[in-house]
K.L.:
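The structure is given below, and queries will be raised subsequently.
Convention: sequence-line order gives letters A, B, ...; per-chain numbering from 1.
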Amino acid sequence: MEHTSAFSLPNSGHNRDAEASKMGMWLFLFTELLLFGGLFIVYMVYRSLNPESFLLASFELDVAMGTFNTIVLLVSSMTIAMSITAIQTGDAKKSIFLLYTTLGLAIVFLIVKYFEWSAKIHHGLFPGFEVYDGLPPGESLFFFLYFFMTGLHALHIIIGGIIISVVIYRTKKGLVTKEKYTLTENAGLYWHLVDLIWIYLFPLFYLIH
Amino acid sequence: MTSTALNLNYLQAKKGIFSWIFSVDHKRIGLLYLYSLITFFLVGATLGVLMRLELLNPGKDLFEAQTYNQIFTMHGVIMIFLFIIPSIPAVFGNFFLPIMLGTDDVSFPRLNLLSWWIYIIGAIMALSTLLFGDGPADTGWTFYVPYSVKTGTNVTMSVLAAFVLGFSSILTGLNFIVTIHRLKTPGMTFLKMPLFAWALYATSWIQLLATPVIGITLLMIVAERVFGVGLFDPSIGGDPILYQHLFWIYSHPAVYIMALPAFGIISELLPTFSNRTIFGYKAIAFSSLAIAFVGYFVWGHHMFTSGMSGLARIIYSIMTFLVAIPTAIKVFNWVATLYKGSIDVQPPLLYGLGFIFQFMIGGLSGLVLGALATDIHLHDTYFVVGHFHYVMFGGTGFAFFGALHYWYPKIWGRMYNKLVANIAFFILFIGFNLLYFPMMIAGLMGMPRRYYDYLPEFHLPNMISTYGSWVLAIGLLLMLGNLIAGFRRKHEKIARNPWGTGITLEWQTLSPPPVANFDRMPVLPKDGPYDYDHKPEIKE
Ligand code: HEM
Ligand SMILES: [Cu+2]
């Protein structure tokens, strides 16, 4: 073979490309929205078919706990946004602190969710329990969708928590810096999405009366 | 990297199985997909031939009804989720998109490897139903409720497999979109991109926007089976029609995930083998987007007989007819490309022409099904089975084989026996049409699909169809055997541009390409990717 000189292309997939990773994240968030979108359609259809039972069932949910969790998530969205600003100005310590705060808030959210869920299950409002199985179809659908959608959302909170932990770890290692903070930004984007979905879930299940 | 490593091509650079299954090189990942896809295709095809054997004569011959139901479900699941949806993008998209854009990899090489692993895990899950649980699903690949939540077979696992495979598809699509936006070689704009890249771009958007919906729908089936809640089962308050809507919101656009990449292949084959520019570059590029877009609003045509308002049916029918317009635009442009070209009939072109012929039959029979009056008669008959095999197999499948013959010398730096390749094509072509055309006739006569038995009056078309499946099987074996034998053939070193008339960037690099794809800066033709008047000269 006659080619001995090293040649490399200017536009390489192995170059660091912050634009590309952010674009990838946005596209991924689209797919997440559509995933929940399918569930929102199902919710809408069944709500319009069983308006009364959905209404009755929704009174069972604890608006206070829901509101509390909404505030928790909104604040966490703010803290993660602030941690991005912090790393942009090169303040890794502050960024890490704010990420820990976000993580803490995520855990608070999950704990509240745990109490909400266990209260429902305690009252037998879960598939397989007597009370649930005795409900009229509309109400049981409401509760099932409640568990399914908030459950899937909680799963996203957990994944988000893991991502944030990775960001904390890498920031501590000095791998996320003032020049190179796409990871924090992407974690922030993801976290905002998780927050956004909750902003839709909350009124749909707790507030529409 | 040492200078010797630089001289090695991507096949030689590293050795050993781990250097393949953990490779982040898009070329190797493309081949990983190729070998896995072909394996699953052969399994699926065997099941198809077995079904045809059962249907050779009326009455029960080989299988119980239940076994037959499981076979056609497994056949459908394998062919759809493991073969045709990933097919062209995962194999040739992975291998050639970066090279055609003049770059050295996709934007997220590790994500790319992950998507192959997810694919393999999904495949194992789908096939595991053969061994574990209460037997493979017997619902058909559509998993229609309420039967799918009631049957004792292992629907849960099949459905989870489809869910996992969807992830793989999403990741590939996401990767391609970002790659196309970010990694085109300097000077290449969107309108100077090869049409294959355009086709992949439109496909990737569909993968991204449609797949999550089926994902969640399938999860709902699992939830319903596990918790026994009435999401879709009407006897406990669910709505089975809602399932059909959600299913087809994905699965209709999914047929464009299968078809658009094939259009892209044809748009590459025709200029090369007519030695002239493509006719109507923009029309072909934008009609892909138009198809992708309109394709979102036609899913209801699968449900004309499921209970839908008259108005909705008319709208879905009209929209379905609209899709035919951008599709026909493509066909006319392809034919116009051939017109006055200096046509060189090589094996890949034969597959391209076979595609156009068969896809046209598939497409036109689709209009018959999209028309309300005729669909009432033809819904769920063998006409549908004939129709979708013409589109998916006669269309996309043939384009896949065409691509395999077209890029074979580039991928492996070898050449197959062209005469045998031509013979194999004709056997395949005859076998294919013998196999599926009679199915359409049986359907017109009223033979329903998904039964292991039929009335004696349908005997003749079924007999011909089964004979056709044997001819087709011989053709397939000959084709694959010839390709495999090509690896061992002794011949001169393969040139950079073995067809002589290839114009896209992959023909400017070595065959097979070096690890980093190019050994020197690729040169773009002056006026767009198919500018044969200013074709850059390629020195060996
Ligand atoms: C050797 C080649 C093949 C043969 C002999 C074959 C044969 C058949 C037959 C006889 C059926 C109808 C079963 C019934 O309704 O009773 C069927 C169904 C089907 N085939 Fe094929 N086929 C072949 C290749 C393919 C390919 C390449 C694809 C896709 C790319 C495909 C996709 C399907 C699908 C989706 C179904 C519907 C399954 C269902 O009803 O759930 N087939 N095939
Ligand atoms: Cu359709």
K.L.:
Highest number of heavy-atom pairs under 4.5 Å with chain A: which of Pro98(B), Gly215(B), Ala516(B), Pro109(B)?
P.N.:
Pro109(B)

K.L.:
So which of Phe148(A), Phe30(A), Phe36(A) has the biggest tally of heavy-atom pairs under 4.5 Å with chain B?
P.N.:
Phe148(A)

K.L.:
Given the options Gly38(A), Ala20(A), Gly138(A), Pro10(A), which has more heavy-atom pairs under 4.5 Å with chain B than any of the others?
P.N.:
Ala20(A)

K.L.:
Tell me the side-chain hydrogen bond (donor to acceptor under 3.5 Å, both in side chains) pairs involving residues 506-516 of chain B, sequence neighbours left out?
P.N.:
Tyr406(B)-Trp507(B), Trp407(B)-Glu506(B), Lys410(B)-Ser511(B), Thr504(B)-Glu506(B)

K.L.:
Please flag which part of Leu208(B) lies under 4.5 Å from any non-hydrogen atom of chain A: side chain, backbone, both or neither.
P.N.:
both

K.L.:
Please round to the nearest 0.5 Å and tell me the distance separating atom CG of Leu209(B) and atom CG of Leu33(A).
P.N.:
11.0 Å

K.L.:
Tell me whether Phe68(A) at atom CZ has more than 12 heavy atoms from other residues, nucleotides or ligands lying less than 6.0 Å away.
P.N.:
no

K.L.:
Can you tell which part of Ile214(B) gets under 4.5 Å to a heavy atom of chain A, answering side chain, backbone, both or neither?
P.N.:
neither

K.L.:
So for Thr217(B), is it side chain, backbone, both, or neither that comes closer than 4.5 Å to the heavy atoms of chain A?
P.N.:
neither

K.L.:
Which residues in residues 179-207 of chain A have any heavy atom lying under 4.5 Å from a heavy atom of chain B?
P.N.:
none

K.L.:
Please flag which part of Phe232(B) lies under 4.5 Å from any non-hydrogen atom of chain A: side chain, backbone, both or neither.
P.N.:
both

K.L.:
Do Val178(B) and Trp26(A) have side-chain heavy atoms sitting under 4.5 Å apart?
P.N.:
no

K.L.:
Measure Tyr46(A) against the heavy atoms of chain B and call it side chain, backbone, both or neither at under 4.5 Å.
P.N.:
side chain

K.L.:
Can a side-chain donor-acceptor contact be found between Asp105(B) and His14(A) if the only test is distance below 3.5 angstrom?
P.N.:
yes

K.L.:
Let's test your reading of the structure: which of Asp104(B), Ile170(B), Val24(B) forms the most heavy-atom pairs below 4.5 Å with chain A?
P.N.:
Asp104(B)

K.L.:
Hey, could you give me the CG/OG1 distance between Leu35(A) and Thr211(B), rounded to the nearest 0.5 Å?
P.N.:
11.0 Å

K.L.:
With a 4.5 angstrom heavy-atom cut-off, could you sort out which part of Pro522(B) is near chain A: side chain, backbone, both or neither?
P.N.:
side chain

K.L.:
Quick one: which of Asp239(B), Val213(B), Val106(B) has the most heavy-atom pairs under 4.5 Å with chain A, could you say?
P.N.:
Asp239(B)

K.L.:
Find the distance between NE2 (His181(B)) and CG (Asp17(A)) and round it off to the nearest 0.5 Å.
P.N.:
12.5 Å

K.L.:
Could you state the interatomic distance from CG (Leu174(B)) to OG1 (Thr31(A)), rounded to the nearest 0.5 Å?
P.N.:
7.5 Å

K.L.:
Hey, what do you get for CE (Met188(B)) to CG (Asn11(A)), rounding to the nearest 0.5 Å?
P.N.:
9.5 Å

K.L.:
Heavy-atom distance under 4.5 Å to chain B: side chain of Leu9(A), backbone, both or neither?
P.N.:
side chain

K.L.:
Mind checking whether Leu145(A) and Leu231(B) have side chains closer than 4.5 Å, heavy atoms only?
P.N.:
yes

K.L.:
Can you establish whether the number of heavy atoms outside Arg170(A) located under 6.0 Å from its atom CZ is more than 12?
P.N.:
no

K.L.:
Exactly one of Leu39(A), Val45(A), Val42(A) should register a side chain to side chain contact (heavy atoms under 4.5 Å, CB included) with Leu246(B). Which one does?
P.N.:
Val42(A)

K.L.:
Pick one of side chain, backbone, both or neither for Leu141(A), based on which atoms fall under 4.5 Å of a heavy atom in chain B.
P.N.:
side chain

K.L.:
Please indicate whether Lys113(A) has more than 12 foreign heavy atoms, meaning atoms of other residues, nucleotides or ligands, lying under 6.0 Å from its NZ.
P.N.:
yes

K.L.:
For the atom pair CH2 (Trp205(B)) and CG (Leu27(A)), what is the distance rounded to the nearest 0.5 Å?
P.N.:
5.0 Å

K.L.:
Using every non-hydrogen atom in the two residues, find where Pro127(A) and Val229(B) come nearest and quote the distance to one decimal.
P.N.:
CG-CG1, 3.7 Å

K.L.:
With only heavy atoms counted, which part of His245(B) is less than 4.5 Å from chain A, the side chain, the backbone, both or neither?
P.N.:
neither

